[in-house]
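Residue numbers count from 1 along this sequence. Treat the numbers as computed from the prediction; the structure is a model and nothing was measured.
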Amino acid sequence: MDVGVGLPNAVPGVDPATIVHWAMRADEGPFASVGTVDRIVYDNLEPMVSLAAAAAVTSRVELVTCILIAPLRERSTLAKQAISLDVLSGGRLTLGVAIGARGDDYERNELAGQSRGDRLTDQITELRALWDDGRITPSAAVRAAPRVLVGGGSGPAFARMARLSDGYFHGGGPPRAFAAAAAQARAAWADAGRPGEPELWGQGYYALGDAADAGRAYLLDYYAFTGPFARRIADGLLTTPLAVREFVEGYADAGCGHLILLPAVADLAQLDRLAEVVSSWRGGPRERAVTHGVG
């Protein structure tokens, strides 16, 4: 299993310079990727822009949206942005997409009246078509298209993933929750007649040591829209090296292929501490494939 780290793009008040330095240090190892989360109505930096900044100062790590709320974006513009970021990074973009969970993000968007799920389905199909026929693809493109992963926990989300994407992005939780979702993803993949198995990606939040209280406060604020469930998310924060190792091992044992640990505090010391834990773990980053695509 590969282990990546999130950029602190959604931690309120993050110093923009921290995004750049965070990406540079992550690229030095032991991480396989840097990832971003997405919101509209929140004090965060836009994920695609944040990844573009990371692309400029890195050469190795995968650049991952985990996830991008794709239905909030016009499809041809998103297709152009994604393939441009892929080109600028030398083919390192993985585009994780889902419908998101916050109503107010959609209320601020001119596309609010359309079905989110149907829009995402049509959007992924159109992204593939635009990339494949070259209508918007830069001539410098280094591969056919970025890898596309789909998140969500409903039956339609798993079916959408199986029909249209390269794999599944789990939204977080303990390893047992990932294992259950992975089983659904594999079943949907088989039902769609796809060969092999879907790529399986996961994520979790961490804030080590003295940063634990600040990390919990951030998660309570970020997920306040979920009501009492925000407390359960905050209680799942990884706050010790042992908790991180057990979480990583649990996801690896459950069949996860790539796990991204998202920071709940925008402190570079947190990145360094996580790097020590990941370096001590028995796994290591695998050789990255350079081509992806459905079929």
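- At distances below 3.5 Å, not a single donor-acceptor pair connects side-chain atoms of E197 with backbone N or O atoms of R186.
- A donor-acceptor distance shorter than 3.5 angstrom exists from the side chain of D105 to the backbone of V41, with no hydrogens or angles considered.
- Using a distance-only test at 3.5 Å, with no hydrogens or angles considered, no donor-acceptor pair links the side chain of R147 to the main chain of T94.
- Counting heavy atoms from C-beta on, the side chains of V278 and V248 never come closer than 4.5 Å.
- Residues in residues 149-158 take part in no salt bridge (Lys or Arg N to Asp or Glu O under 4.0 Å) pair, two or more places apart or across chains.
- Other members of the cluster containing M24 are V20, V57, with ILVMFWY side chains joined at under 4.5 Å, either directly or via other members.
- Scored by the side chain to side chain donor-acceptor pair (under 3.5 Å) test, E46 finds R73 as partners (sequence neighbours excluded).
- Smallest separation of non-hydrogen atoms from P146 and I83: CD-CD1, 3.8 Å.
- Residues I233 and Y222 have side chains not in contact (no heavy-atom distance under 4.5 Å, counting atoms from C-beta outward).
- Contact record, A82 with L95: CB-CD2, 4.3 Å, taken as the closest heavy-atom pair.
- Across L130 and S76, no two heavy atoms sit closer than the pair CD1-CA, 3.9 Å.
- Around the CG atom of D210, the shell of radius 6.0 Å holds no more than 12 heavy atoms that belong to other residues, nucleotides or ligands.
- Using modelled atom types, one side-chain atom of R194 and one backbone atom of A162 make a donor-acceptor pair closer than 3.5 Å.
- Side chain of Q203 to backbone of G171: a donor-acceptor contact under 3.5 angstrom is found.
- Using a 4.5 Å heavy-atom cutoff, the side chains of V97 and I124 are in contact.
- Ring geometry for Y223 versus Y205: interplanar angle over 60°, hence perpendicular rather than tilted (30 to 60°).
- W22 places no side-chain N or O within 3.5 Å of a backbone atom of P8 that could act as its donor or acceptor partner.
- In this structure, the side chain of R160 does not engage the main chain of L120 through any donor-acceptor pair within 3.5 Å.
- When every heavy atom of L85 is checked against every heavy atom of L93, the shortest pair comes out as CD2-CD1, 3.9 Å.
- Distance alone, capped at 3.5 Å, places no donor-acceptor pair between the N9 side chain and the T36 backbone.
- Here the CD1 atom belonging to I136 is positioned 9.0 Å from the CG atom belonging to L78, to the nearest 0.5 angstrom.
- Between A54 and A23, the closest heavy-atom pair is CB-CB, 3.7 Å.
- Closest approach of P195 and W189 over heavy atoms only: O-NE1, 3.0 Å.
- In terms of modelled atom types and a separation under 3.5 Å, the side chain of R92 and the main chain of S89 share a donor-acceptor contact.
- The closest side-chain heavy-atom distance from Y218 to V265 is not below 4.5 Å.
- Ion pair D213/R216 flagged as a salt bridge, since at least one NZ, NE, NH1 or NH2 atom sits closer than 4.0 Å to an Asp/Glu carboxylate oxygen.
- Remark: the backbone N or O of V61 is not paired with any side-chain donor or acceptor of T58 at under 3.5 angstrom.
- The pair R128-D166 counts as a salt bridge, with a side-chain nitrogen and a carboxylate oxygen less than 4.0 angstrom apart.
- Under the 30°/60° scheme for interplanar angles, the aromatic rings of Y251 and F178 are found to be tilted.
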